[in-house]
Amino acid sequence: MASRPGKVAIFEQFAADGIRHMFGNPGTVEQGFLDVLGERPDMEYVLALQETVAVAIADGYARAAAAPALVQLHAGVGLGNAVGMLYQARRGHSPLVVVAGDAGVRYDAMDAQMAADLVGMARPVTKHATRVTHPGSVLRVLRRAVKTAMTPPRGPVFVALPMDVLDAETDEPVVPSTVPSRAVVPLPGELDRAAAALRDARSPLILAGDGVAVSGAQEELTRVAERLGAPVWGVDSSEVNIDAAHPLYRGQLGHMFGSVSAAAVRDADAVLIVGTYVFPEVFPSLGSPFREDARIVHIDLDDYEIAKNFPVDVALCADPKPTLAALAERLPDAPEVSAAPAPAEGDTLMDAFAAELARLAPADLLVFDEALTASPALNRRLPARVPGSYFLTRGGSLGVGIPGAIGVKLARPEAEVVGFTGDGGSMYTIQALWTAARHGVAARFVVCNNRRYQLLDDNIEQYWRERDVPSHAHPSGFDLARPEIDFPALARSMGVDAVRVDKPEQVDRAVERMLAAPGPFLVDLDTGGTG
């Protein structure tokens, strides 16, 4: 391979891996390779005004494309800005390749301006973190980053790229990264054990997470659920792992309180856990929530998560899709499944808006859901049914709704994409609207505006109940009404058309305008009352 600077070679490697976008915010120590990027017509630099936005857009892109997304951060300060959203990506297993520059290996002993231990900063919020220190290994390390990010359990990988290493010549060859297959199935005897543990259960239950979606195992999961007659709960589930309208689907378990999960599983005499860990609450139960005599089978490619918190009877580190298919063959024919009760209807503006969107939207509608306390109404009217059509916030970082929808639209430009967020969450990353306008990303955004951190209201009331604290006024820090945020004006200031909806009679026209808009469009939807 002809010798050329590492800052040139890295783009050859990105091209070989099919990477066509770099999401980032520029900095001085990255200027060498950003200068080269300007000469690469096969690579689009998607400019974000803050690193949190860059990571969140890349997260949405990686989820929708099921492919690695490339993020550029600026040294330690940019990495610091991005840490919260990298935590989100790590918890959600997003395959991000995150690069950041530093001044150079030659300056390590100087402890100069902007010096920081980038690898040490990134390690807690990534699957792997490293630094290139020799020009002869730049591409090798980047290929390893792609492989690691994309191998289940997927996750973000960080690579520090010192300026002097990239300025140096390298003759490394460019070859596509190798991603190993983990489509493994347990031995027949292990599958027999799993089937035996589940087969004769009187009250079976399934807990399913995003490992199902990554594996493409939705049909196989449904077949096993039907053969067992087992209700299915989503756990750490942010994509379509089973049709939300299926009569066996019971919805999502919460991410806050262990008592909720304990109530859901306490009567089950056999539990199948697939593609998730248990349980992902902020305040989990310390004791096992399962019956003492419950037989528990856990299938996942993430061996760390199997029996991490509670022992299981059959632990299978395997790919959910072929494993569930083989398990279904060992189970009796499906009993008749009775229809689930219809969800209660609501009369909020969110109900009306989601119902109208369901009526007018094309079949390829993709939803990014950070509606939080408004999500129940959204899901009543627009249940997540088709794999790859729905992306729920995950990992705990606010502010993913707007940039996540931008990333989804960039990955799936032919589809209609609507991102829902809250008024509080939106303000973490509102500058993402500018990126949508700059790059002509015709995603749609709905701000569910109740002028509060409503989730905190709900959680503190739970806290009071658990401690017998008399109900009283919520903390003033939960209130966002003073001064009121003018979201349409804010959107227009960044080049995005917008409309305010605070009356039922405005809903139909707003949905029509949103879907007809040639570019990005924002709806400020009043969700503070019933409408």
Any sub-3.5 Å donor-acceptor pair from [X]'s side-chain atoms to [Y]'s backbone N or O?
X      : Y      : value
Arg250 : Pro231 : no
Asp313 : Val297 : no
Asp236 : Thr276 : no
Thr429 : Gly399 : yes
Glu172 : Arg140 : yes
Thr421 : Val447 : no
Arg291 : Asp267 : yes
Asn25  : Glu51  : no
Asp269 : Ala201 : no
Glu12  : Val174 : no

[X], [atom1] atom: more than 12 neighbouring heavy atoms under 6.0 Å:
X      : atom1 : value
Glu414 : CD    : yes
Arg202 : CZ    : no
Gln462 : CD    : yes

Residue pair [X] / [Y]: nearest heavy atoms and the distance that separates them:
X      : Y      : result
Val232 : Ala225 : CG2-CB, 3.7 Å
Ala67  : Met150 : C-SD, 3.9 Å
Val278 : Asn309 : O-ND2, 3.0 Å
Tyr249 : Asp243 : CB-O, 3.8 Å
Ser285 : Ala262 : OG-CB, 4.4 Å
Tyr453 : Gly424 : CE2-CA, 3.6 Å

Charged N-O contact under 4.0 Å between [X] and [Y]:
X      : Y      : answer
Asp319 : Lys321 : no
Lys308 : Glu305 : yes
Asp364 : Arg412 : no
Arg381 : Asp351 : yes

Are side-chain heavy atoms of [X] and [Y] found at a separation under 4.5 Å?
X      : Y      : result
Phe368 : Val417 : no
Asp300 : Ile273 : no
Leu324 : Leu272 : yes
Glu239 : Phe391 : yes
Leu372 : Leu398 : yes
Val224 : Leu198 : no
Pro320 : Leu221 : no
Thr133 : Pro162 : no

Establish, from distance only, whether the side-chain atoms of [X] and [Y] form a donor-acceptor pair under 3.5 Å.
X      : Y      : answer
Asp59  : Ser94  : yes
Asp369 : Tyr390 : yes
Gln13  : Asp17  : yes
Thr130 : Arg144 : no

| request: For side-chain contact (heavy atoms from CB on, under 4.5 Å), just list the numbers for Phe23 and Thr435, CA-CA rounded to whole Å, side-chain angles, deciding distance to a tenth of an Å, and then say yes or no. | output: CA-CA 10 Å; Phe23 306 96; Thr435 298; over 6 Å; no
Enter the distance from [X]:[atom1] to [Y]:[atom2] here, rounded to the nearest 0.5 Å.
X      : Y      : atom1 : atom2 : answer
Arg223 : Leu327 : CZ    : CG    : 11.0 Å
Leu142 : Leu161 : CG    : CG    : 6.0 Å
Leu70  : Met22  : CG    : CE    : 4.0 Å
Gln454 : Thr527 : CD    : OG1   : 8.5 Å
Phe279 : Trp233 : CZ    : CH2   : 11.0 Å
Ser215 : Ile299 : OG    : CD1   : 10.0 Å

| said: Evaluate Gln88 against Arg394 for side-chain contact (heavy atoms from CB on, under 4.5 Å), listing each step before the verdict. | reply: CA-CA 6 Å; Gln88 170 100 356; Arg394 59 191 184 185; 4.2 Å; yes
| task | Kindly determine whether Leu79 and Phe158 satisfy side-chain contact (heavy atoms from CB on, under 4.5 Å), including the steps that lead there. | result | CA-CA 10 Å; Leu79 176 57; Phe158 175 82; 4.1 Å; yes
Once the angle between the rings of [X] and [Y] is folded into 0 to 90°, is it parallel (under 30°), tilted (30 to 60°) or perpendicular (over 60°)?
X      : Y      : value
Phe310 : Phe290 : perpendicular
Phe257 : Phe283 : parallel
Phe11  : Phe14  : perpendicular

| said: Applying salt bridge (Lys or Arg N to Asp or Glu O under 4.0 Å) to Arg330 and Asp192, what does each step give before you reach the verdict? | reply: CA-CA 7 Å; Arg330 288 166 166 79; Asp192 292 341; 2.7 Å; yes
| message | As a test of understanding, state which of Asp302, Asp303, Asp210 forms a side chain to side chain contact (heavy atoms under 4.5 Å, CB included) with Pro153. | response |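 The single option meeting the side chain to side chain contact (heavy atoms under 4.5 Å, CB included) with Pro153 is Asp302.
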| query | Under the salt bridge (Lys or Arg N to Asp or Glu O under 4.0 Å) criterion, do Glu190 and Arg193 qualify, and how do the steps go? | reply | CA-CA 5 Å; Glu190 295 298 305; Arg193 290 180 60 221; 2.8 Å; yes
| Working for side-chain contact (heavy atoms from CB on, under 4.5 Å), residues Cys317 and Ile306 | CA-CA 8 Å; Cys317 185; Ile306 297 176; 4.3 Å; yes
